[in-house]
Number of protein chains: 2
Amino acid sequence: MITTYVYTTEKSQMFLRTVAQLRSMTGYTATVTVRLKRGVLDPEAETTQRSLERLGFELDSLRSADRFEIDLDAESADDAGERVEEMAERLLANPTIHDYDVEVEER
Amino acid sequence: MITTYVYTTEKSQMFLRTVAQLRSMTGYTATVTVRLKRGVLDPEAETTQRSLERLGFELDSLRSADRFEIDLDAESADDAGERVEEMAERLLANPTIHDYDVEVEER
């Protein structure tokens, strides 16, 4: 029974994938920038700023952020954006301490 | 002798700073994006990509980068850009393994 089920699932996934390929899919690059929220301490950025000042540079402030560039195929820029936003919420950012923004460009 | 020298240096630095303030200084925010060069292994990005795939997301590739947002005062956008480029070369990026780009915006 289980084997049959797995087989059917695999077949239906293959079918869905073929359907997806028949629709026109476009390549997009989505950029996710993950920043610490205001008020969250960033000791790495503080150290970097102090090191720059020790080298003689004058600056008012420095913030650090993580950037992820994701290549994916999607039907539209909106579709790509939605999927990448879900990726950010589920894995790339921690909503307690991070803000993020997503930018989508055609490849 | 040393004390005199230090005193003079401090005085001249104060003088230079005053001169700088008399010239019209504008606030800029420079963004430095530091990426690994093509061919340099990025195990963190690979792990992130695999985790996303395990969550059911489909993606072609994922690259990670560091982003620094630096607030500074400068006479012009070109001046700000040059100073931040020097910061990138001297501290933020490692030229052996990193590429970087700098974007400057008025605050």
Side-chain angles (χ1 to χ4, degrees), chain A residues 13 16-17 20-21 25-36 38 42 44-75 79-80 82-93 99-101 103 107, chain B residues 9 13 16-17 20-21 25-36 42 44-75 79-80 82-93 99-101 103 107:
Chain A
Q13 274 185 351
L16 284 171
R17 231 171 269 149
Q21 277 156 4
M25 298 287 264
T26 318
Y28 292 96
T29 298
T31 306
V32 187
T33 308
V34 180
R35 288 183 188 77
L36 285 169
R38 233 164 238 286
D42 189 352
E44 192 192 326
E46 275 169 41
T47 310
T48 308
Q49 179 170 351
R50 244 176 295 132
S51 306
L52 284 170
E53 284 165 349
R54 221 172 292 129
L55 287 172
F57 292 108
E58 274 180 40
L59 57 159
D60 294 342
S61 72
L62 183 147
R63 297 171 297 284
S64 67
D66 284 325
R67 202 180 136 114
F68 300 95
E69 295 171 0
I70 299 169
D71 292 337
L72 75 170
D73 294 319
E75 276 172 66
D79 177 33
E82 265 173 45
R83 273 167 55 199
V84 171
E85 214 152 292
E86 213 191 313
M87 292 181 201
E89 274 182 31
R90 292 193 58 190
L91 187 86
L92 305 176
D99 281 328
Y100 67 87
D101 59 59
E103 277 170 55
R107 243 183 295 161
Chain B
T9 309
Q13 273 182 353
L16 283 171
R17 232 172 267 151
Q21 277 155 4
M25 298 287 264
T26 318
Y28 293 95
T29 297
T31 306
V32 187
T33 308
V34 180
R35 291 184 185 77
L36 285 169
D42 188 352
E44 192 193 327
E46 275 170 40
T47 309
T48 309
Q49 179 170 352
R50 245 177 292 133
S51 306
L52 284 170
E53 284 165 348
R54 221 173 291 128
L55 287 171
F57 292 108
E58 275 179 39
L59 57 159
D60 293 342
S61 71
L62 183 147
R63 298 171 296 283
S64 66
D66 284 325
R67 205 180 132 112
F68 299 95
E69 295 171 1
I70 299 169
D71 292 337
L72 73 170
D73 294 320
E75 277 172 66
D79 178 32
E82 263 172 46
R83 272 166 57 198
V84 171
E85 214 151 292
E86 212 190 314
M87 293 181 199
E89 272 181 30
R90 290 195 58 191
L91 189 86
L92 306 175
D99 281 328
Y100 66 87
D101 58 61
E103 277 169 55
R107 244 183 294 162

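What you see is a predicted model, and the numbers here were worked out from it, not measured in a lab. A note on names: the letters A, B, ... follow the listed sequences, proteins ahead of strands, and every chain is numbered from 1. Hydrogens, waters and symmetry mates are skipped; everything else that's a heavy atom, side chains included, is used.
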Less than 4.0 Å between a side-chain N and a carboxylate O, is that true for Arg107(B) and Asp73(B)? yes
Check ion pair Arg35(A)-Asp101(A) (N to O, under 4.0 angstrom): yes
Max heavy-atom pair count under 4.5 Å with chain B, selected residue of Thr33(A), Asp66(A), Leu52(A), Val84(A): Leu52(A)
Pairwise side-chain contact, Asp71(A) with Arg63(B), heavy-atom cut-off 4.5 Å (strictly under): yes
Do Leu72(B) and Met87(B) have side-chain heavy atoms sitting under 4.5 Å apart? yes
Under a 3.5 Å distance rule, please check whether Arg83(A) uses its side chain to pair with a backbone N or O of Glu58(B) as donor and acceptor. yes
Below 4.5 Å from any heavy atom of chain A, which atoms of [X] appear? Answer side chain, backbone, both or neither.
{"X": "Phe68(B)", "value": "both"}
{"X": "Leu91(B)", "value": "side chain"}
{"X": "Thr31(B)", "value": "neither"}
{"X": "Glu86(B)", "value": "both"}

I'd like to know which of Val32(B), Thr29(B), Leu62(B), Thr48(B) tops the heavy-atom pair count under 4.5 Å against chain A. Leu62(B)
